[in-house]
Each structure stands twice: as C-alpha cells, then as structure tokens.
**Q** 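Before anything else, here's the structure in question.
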Amino acid sequence: MPQLNTSTWFITIASMILTLYIIFQLKISKHHYYLNPEPTPTKSHKHTTPWEVKWTKIYLPLSLPLH
C-alpha cells in the first residue's frame, strides 16, 4: 500500500486559511457602518379623501319626499 505524502498539507491549509481571512476582511470592509445612529423623526401627514374635499349629500330612499 502506498504511503500518503503529507508534506504539502501544511502550506495548503495555511494558504487556504490566509485566503479565507483576506476574503472575509474584504467583504466586511465594504459594509458602511453609521458612526452615530439617530432615529429619524417621522412626519405624520393627514391623508385627504375625496369626501373630505367637497361637500356631498347622500340621498336615502326613506328621506325622499313622499308624492
């Protein structure tokens, strides 16, 4: 049975760990972090509906004059 050559394992594993470290550092450095996060004030504005803008009269059948 041939013997397994493990002489290059250390350099392979070390270079893999170094490459992963560099990739993660580059990924993390692309994120933008705010220095002082502050809540943004929410402005509440009134929603206007068509029936609030103009006057409308609703005619019900019972409110019609009897003839």
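Index from 1, following the sequence.
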**Q** Suppose clustering is done on Ile, Leu, Val, Met, Phe, Trp and Tyr with side-chain heavy atoms closer than 4.5 Å. Which residues sit in the same group as Ile23?
**A**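 Members besides Ile23: none; it forms no cluster.
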
**Q** Shortest non-hydrogen contact from Ser15 to Thr12?
**A** OG-O, 2.9 Å

**Q** Nearest 0.5 Å please: distance from the CD1 atom of Ile22 over to the CD1 atom of Ile17.
**A** 12.5 Å

**Q** When clusters are formed by joining ILVMFWY residues with side-chain heavy atoms under 4.5 Å apart, either directly or through shared neighbours, do Tyr21 and Ile13 land in the same one?
**A**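 As far as the 4.5 Å side-chain criterion goes, Ile13 and Tyr21 are not connected within one cluster.
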
**Q** If you round to the nearest 0.5 Å, how far is CZ of Phe24 from OG of Ser29?
**A** 13.0 Å

**Q** Assess whether atom CD1 of Ile11 is packed by more than 12 heavy atoms of other residues, nucleotides or ligands within 6.0 Å.
**A**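 Atom CD1 in Ile11 is not packed in, count stays at 12 or less.
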
